[in-house]
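Report on the following structure.
It should be emphasised that the depicted structure is a prediction, and the values quoted were computed from it without experimental measurement.
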Amino acid sequence: MLEIKNLHVKLEEEDKQILKGVDLTVEAGKVHAIMGPNGSGKSTLSYVLSGREGYEVTDGSATLLGEDILDLEPEERAAAGMFLAFQYPVEIPGVGNMTFLRSAVNAQRKARGEEEMSSSDFLKEIRAKAKELQIDADMLKRPVNVGFSGGEKKRNEILQMAMLAPKLCILDETDSGLDVDAMKLVSEGVNALRSPDRGFLVITHYQRLLDHIKPDVVHIMSDGKIVKTGGPELALEVENNGYAEFQETA
C-alpha cells in the first residue's frame, strides 16, 4: 500500500537534513506504529507524506497504491486515498462543520470521477457516523473545531476520517492532550475503521495509545532513520527502558 524507499528530506528554511534514509512499507489491513524521541523525524515524515510546504525531498521515493505521491498536491494525495490526523487540529472560523465535511467528501468524489453525494444521503451518513463517535448534533452545526475541547477536536477529526474513508490513515500523535476517557473514545473510532483494504500509520511517543489501538508492527525512529522494527512487544520495551539504546544505535 504505502512504500517508502531511502527517503531523505531537509527543512528548506534551515537547510537542515531531517530524514536520512527512511525505508517503510505499510500493508493494507495493517496498523504500523512509529515511536521515537522528540526530534527523531516522526512528524516530519507525516508532513512530507501529506504534502506540507517547507520540506525538500533530496532523495528516495514514496508511493501509495503504486502511485508516486511526492509530486502531487496535498488535495491530490487526499483524493488518492491519504488522510492525516493532526497533532493539533486547526480551527476554521465561519465554516460550519457539516458544510466543510460535505465539501471535502464531494471534492474527493469529483476528483475520482464519482458522482457527488446528495444532501439527504450525506445527512443520513454523517448522523450515523457522529452517533458512533458520540458527537452530538450541536457539534455538527458549529464552525470547524471552534470552541471545541481537545477531545472534541480529535473526535471531529476521526469523524472526518470516517466520512472520507481513506485508504491510508496517518495519525500524528493523536493522543496528544487527551485524557484517558477521550483517548479511549477516539481509539474506538479508529478501531472501527480498521479493515482489510485500509492501512494505518500511527505516530506516538507513548505505549498508552497502543494499549487501545493494537499495532501489528512497531518501528523505532531515531535521528531521521528507522533503527529497529518489531512486534507490539517493542513498544513495551520502550515504555520500560526508554529510547537511550536506540539513540546510541542511530
Side-chain angles (χ1 to χ4, degrees), residues 1-34 36 39-90 92 100-101 103-116 144 157 160-174 193 195 197-203 217 219 221-227 229:
M1 174 165 281
L2 175 68
E3 187 80 31
I4 300 172
K5 295 181 179 178
N6 194 35
L7 187 63
H8 290 70
V9 174
K10 71 176 183 179
L11 192 60
E12 289 180 345
E13 280 189 2
E14 302 176 20
D15 195 28
K16 178 182 178 182
Q17 202 75 27
I18 306 294
L19 301 183
K20 304 174 182 179
V22 174
D23 293 289
L24 176 67
T25 300
V26 178
E27 307 88 351
K30 300 293 185 181
V31 174
H32 285 241
I34 293 184
S40 60
K42 304 185 305 298
S43 290
T44 294
L45 178 60
S46 70
Y47 297 156
V48 171
L49 291 175
S50 63
R52 182 171 176 172
E53 295 180 349
Y55 297 91
E56 180 184 345
V57 176
T58 57
D59 198 5
S61 63
T63 59
L64 179 64
L65 298 170
E67 181 180 9
D68 184 355
I69 60 171
L70 294 179
D71 290 330
L72 300 179
E73 294 298 319
E75 62 272 20
E76 293 175 316
R77 301 183 196 201
M82 182 176 291
F83 182 94
L84 172 63
F86 294 102
Q87 184 176 357
Y88 302 108
V90 297
I92 310 179
F100 172 78
L101 263 175
S103 297
V105 168
N106 282 332
Q108 289 199 11
R109 291 173 72 93
K110 185 177 180 180
R112 294 192 293 261
E114 302 170 0
E115 287 188 8
E116 293 189 357
V144 179
E157 210 165 35
Q160 295 168 18
M161 190 191 302
M163 290 299 297
L164 293 169
K167 294 295 184 183
L168 177 71
C169 304
I170 304 172
L171 309 180
D172 182 23
E173 298 190 31
T174 197
L193 292 173
S195 72
D197 61 350
R198 179 173 293 128
F200 284 85
L201 186 59
V202 180
I203 296 169
V217 183
H219 308 275
M221 181 174 276
S222 184
D223 193 28
K225 294 176 286 188
I226 291 175
V227 295
T229 296

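To the nearest 0.5 Å, the span separating CG on Leu65 from CD on Glu3 amounts to 11.5 Å. For the atom pair CG of Leu45 and CG of Leu7, the computed distance is 7.0 Å after rounding to the nearest 0.5 Å. Taking CE of Met161 as the reference point, atom CD1 of Ile170 lies at 10.0 Å (rounded to 0.5 Å). One finds the CG atom of Leu84 at 8.5 Å from the CG atom of Leu171 (value rounded to the nearest 0.5 Å). Rounded to the nearest 0.5 Å, atoms CD (Gln160) and CZ (Phe100) are 5.0 Å apart. Atom CE of Met221 and atom OG1 of Thr229 lie 9.5 Å apart (nearest 0.5 Å).
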Side chain to side chain contact (heavy atoms under 4.5 Å, CB included) between Val202 and Thr174, intermediate numbers included
CA-CA 8 Å; Val202 180; Thr174 197; 5.7 Å; no
Candidate pair Glu173 and Lys42, rule side chain to side chain contact (heavy atoms under 4.5 Å, CB included), full reasoning
CA-CA 9 Å; Glu173 298 190 31; Lys42 304 185 305 298; 4.0 Å; yes
Side chain to side chain donor-acceptor pair (under 3.5 Å) assessment of Thr58 paired with Gln17
CA-CA 9 Å; Thr58 57; Gln17 202 75 27; 3.2 Å; yes
Step-by-step salt bridge (Lys or Arg N to Asp or Glu O under 4.0 Å) determination, Glu56 to Lys10
CA-CA 5 Å; Glu56 180 184 345; Lys10 71 176 183 179; 3.8 Å; yes
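Here the closest non-hydrogen pair linking Gly21 and Lys225 is O-CG, 4.3 Å. Taking all atoms of both residues into account, the shortest heavy-atom contact from Ser222 to Ser40 is CA-CB, 3.8 Å. Residues Asp197 and Met1 share a closest heavy-atom pair of O-CE, 3.4 Å. Contact between Asp172 and Ser43 at its shortest, heavy atoms only, is OD1-OG, 2.9 Å. The two residues Gly81 and Pro166 come nearest to each other via the heavy atoms O-CB, 3.4 Å. Summarising the geometry of Ala62 relative to Leu49, their closest heavy-atom pair is CB-CD2, 4.0 Å, with the distance given to 0.1 Å.
Side-chain atoms of His219 do not come within 3.5 Å of backbone N or O of Val217 as any donor-acceptor pair. Without hydrogens or angle criteria, Lys110 side chain to Glu116 main chain gives no donor-acceptor distance under 3.5 Å. Of the possible donor and acceptor atoms, one in the side chain of Arg77 sits under 3.5 Å from a partner among the backbone N and O of Ile69. Between the Glu76 side chain and the Glu73 main chain, a donor and an acceptor come within less than 3.5 Å of each other. Of the possible donor and acceptor atoms, one in the side chain of Asp68 sits under 3.5 Å from a partner among the backbone N and O of Leu70. Judged by distance alone, with hydrogens and angles left aside, the side-chain atoms of Arg198 form a donor-acceptor pair with the main-chain N or O of Leu193 at under 3.5 Å.
Other residues, nucleotides and ligands contribute at most 12 non-hydrogen atoms within 6.0 Å of the CD atom of Glu13. Heavy atoms of other residues, nucleotides or ligands lying less than 6.0 angstrom from CZ of Phe86 number 12 at most.
Paired with Ile226 under the rule side-chain contact (heavy atoms from CB on, under 4.5 Å), one option of Val22, Asp23, Ile4, Leu19 passes, and it is Val22. Partner Lys20 forms a side-chain hydrogen bond (donor to acceptor under 3.5 Å, both in side chains) with one of Asp59, Asn6, Asp223 and no other, that one being Asp223.
Taking the side-chain hydrogen bond (donor to acceptor under 3.5 Å, both in side chains) definition, one finds that Glu75 meets it with nothing, sequence neighbours left out.
A heavy-atom distance below 4.5 Å is found between the side chains of Leu72 and Glu67. You'll find the side chain of Leu164 reaches within 4.5 Å of the side chain of Gln108, heavy atoms only.
Ring geometry for Tyr47 versus Tyr55: interplanar angle of 30 to 60°, hence tilted.
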